[in-house]
Amino acid sequence: YIQQPVICSDFLDYKPEETFDGIWACASLLHLTEAECQIVVDRLSKNLKPGGCFYMSFKMGEFEGERDGRYYQDQIEKDMFKLTNIVDSLNVAYCYLSSEASRKLLWTNGFLVKVKR
């Protein structure tokens, strides 16, 4: 329909060759374990241009495991900063909480920026 190539992949298998100005991972990384998330964010950050932004969001909390038949890794704000200690090419530029009133959910949102070197 869009007359463009489409890549079907999961995060662990996706290995892009191009570089990006930004990466948008809205409510998607939360289905990886903490260890898998660290691997994926580290790998994808290598494809982020210096000064590029990596947005990610997680359900707010400290739960990790299966819920309603799916795997979830919730995060709180300090987890974003912990991630940047592991992926040292990224710094947290902005982290905030948002709400989804219709489902009574809170979300942890982070904008991480690739350090210019």
Side-chain angles (χ1 to χ4, degrees):
Y1 292 112
I2 62 171
Q3 298 179 4
Q4 298 290 322
V6 175
I7 299 167
C8 290
S9 177
D10 66 26
F11 280 117
L12 295 170
D13 294 330
Y14 182 56
K15 295 176 178 90
E17 295 179 18
E18 60 272 321
T19 57
F20 306 103
D21 294 312
I23 297 172
W24 186 264
C26 183
S28 53
L29 294 172
L30 58 84
H31 295 294
L32 301 173
T33 67
E34 182 179 1
E36 290 170 337
C37 184
Q38 292 167 359
I39 291 166
V40 168
V41 171
D42 184 52
R43 184 183 308 139
L44 289 178
S45 69
K46 290 173 175 54
N47 293 82
L48 196 57
K49 293 177 183 176
C53 184
F54 196 141
Y55 169 81
M56 58 188 71
S57 64
F58 297 83
K59 289 184 178 185
M60 203 248 343
E62 298 185 73
F63 174 81
E64 183 170 356
E66 191 172 310
R67 179 171 53 219
D68 301 324
R70 295 180 76 187
Y71 187 86
Y72 285 91
Q73 174 206 169
D74 298 347
Q75 287 199 3
I76 56 177
E77 290 175 280
K78 72 176 183 174
D79 294 322
M80 297 274 178
F81 291 93
K82 179 178 160 188
L83 184 59
T84 62
N85 289 331
I86 294 161
V87 183
D88 64 354
S89 64
L90 296 175
N91 286 334
V92 176
Y94 186 59
C95 191
Y96 66 98
L97 298 178
S98 62
S99 63
E100 186 179 334
S102 63
R103 295 186 355 191
K104 298 180 181 174
L105 291 174
L106 288 175
W107 293 89
T108 302
N109 304 271
F111 287 91
L112 288 66
V113 174
K114 185 163 185 177
V115 178
K116 295 181 182 183
R117 296 198 173 160

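Numbers here simply count residues along the sequence, with the first being 1.
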What's the separation between atom [atom1] in [X] and atom [atom2] in [Y], rounded to the nearest 0.5 Å?
X    : Y    : atom1 : atom2 : answer
L90  : N85  : CG    : CG    : 11.5 Å
K59  : E100 : NZ    : CD    : 8.5 Å
L112 : M56  : CG    : CE    : 5.0 Å

Q) Where do N109 and S57 come nearest, in terms of heavy atoms and distance? A)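 Nearest pair, atom of N109 first, then S57: OD1-CB, 3.5 Å.
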(Q) For a quick test of reading the model, state the closest non-hydrogen atom pair linking T108 to E77 and the distance between them. (A)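 That closest heavy-atom pairing would be CG2-N, 3.9 Å.
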Q. Who pairs with R70 by salt bridge (charged side-chain N to carboxylate O under 4.0 Å, His left out), at least two apart in sequence or on another chain?
A.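 Here no residue qualifies.
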Q. So, N47 side chain and E18 main chain: donor-acceptor pair closer than 3.5 Å or not?
A.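 Yes, because the side chain of N47 sits within donor-acceptor range (under 3.5 Å) of the backbone of E18.
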Give the cluster check for [X] versus [Y]: same hydrophobic cluster or not, with ILVMFWY residues linked at side-chain heavy-atom distances below 4.5 Å.
X    : Y   : value
L83  : V92 : yes
Y71  : Y14 : no
V113 : L29 : no

Q.
Show me the pairs that pass ring-ring contact (aromatic ring centres under 6.0 Å, His included) and involve residues 32-58, at least two apart or across chains.
A.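 Applying ring-ring contact (aromatic ring centres under 6.0 Å, His included) to every pair that reaches into residues 32-58, excluding sequence neighbours, yields W24-Y55, Y55-F111.
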Q: Sorted by first residue and then second, give each ring-ring contact (aromatic ring centres under 6.0 Å, His included) pair with at least one member in residues 79-103; sequence neighbours left out.
A: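 For residues 79-103: Y94-Y96.
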Q) Is there a side-chain contact between L30 and W107 (heavy atoms, below 4.5 Å)? A)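 A side-chain contact under 4.5 Å exists here.
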Q. Are Y72 and H31 close enough that some pair of their side-chain heavy atoms sits under 4.5 Å apart?
A.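 Yes, their side chains come closer than 4.5 Å.
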Q. Quick one: hydrophobic cluster around M60, which other residues, with the 4.5 Å side-chain cut-off, linked directly or via members?
A.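 Under the 4.5 Å side-chain rule, M60 groups with I76, L97, L106.
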Please tabulate, one pair per line, all N/O donor-acceptor pairs under 3.5 Å involving side-chain atoms of residues 32-45, not counting sequence neighbours.
from, atom 1, to, atom 2, distance (Å)
T33, OG1, E36, N, 3.0
T33, OG1, E36, OE1, 3.4
E34, OE2, K82, NZ, 2.6
E36, OE1, T33, N, 2.9
D42, OD1, K46, NZ, 3.2
D42, OD2, K46, NZ, 3.0
R43, NH1, L12, O, 3.0
S45, OG, V41, O, 3.2
S45, OG, D42, O, 2.7
S45, OG, S89, OG, 3.4

Q. Residues two or more places apart in sequence or in another chain: which of them pass side chain to side chain donor-acceptor pair (under 3.5 Å) with R67?
A.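 Partners of R67 by the side chain to side chain donor-acceptor pair (under 3.5 Å) criterion, ordered by chain and then number, come out as D74.
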Q.
Quick check on K15: does its NZ atom have over 12 non-hydrogen neighbours (other residues, nucleotides or ligands) under 6.0 Å away?
A.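 Check passes, neighbour count above 12.
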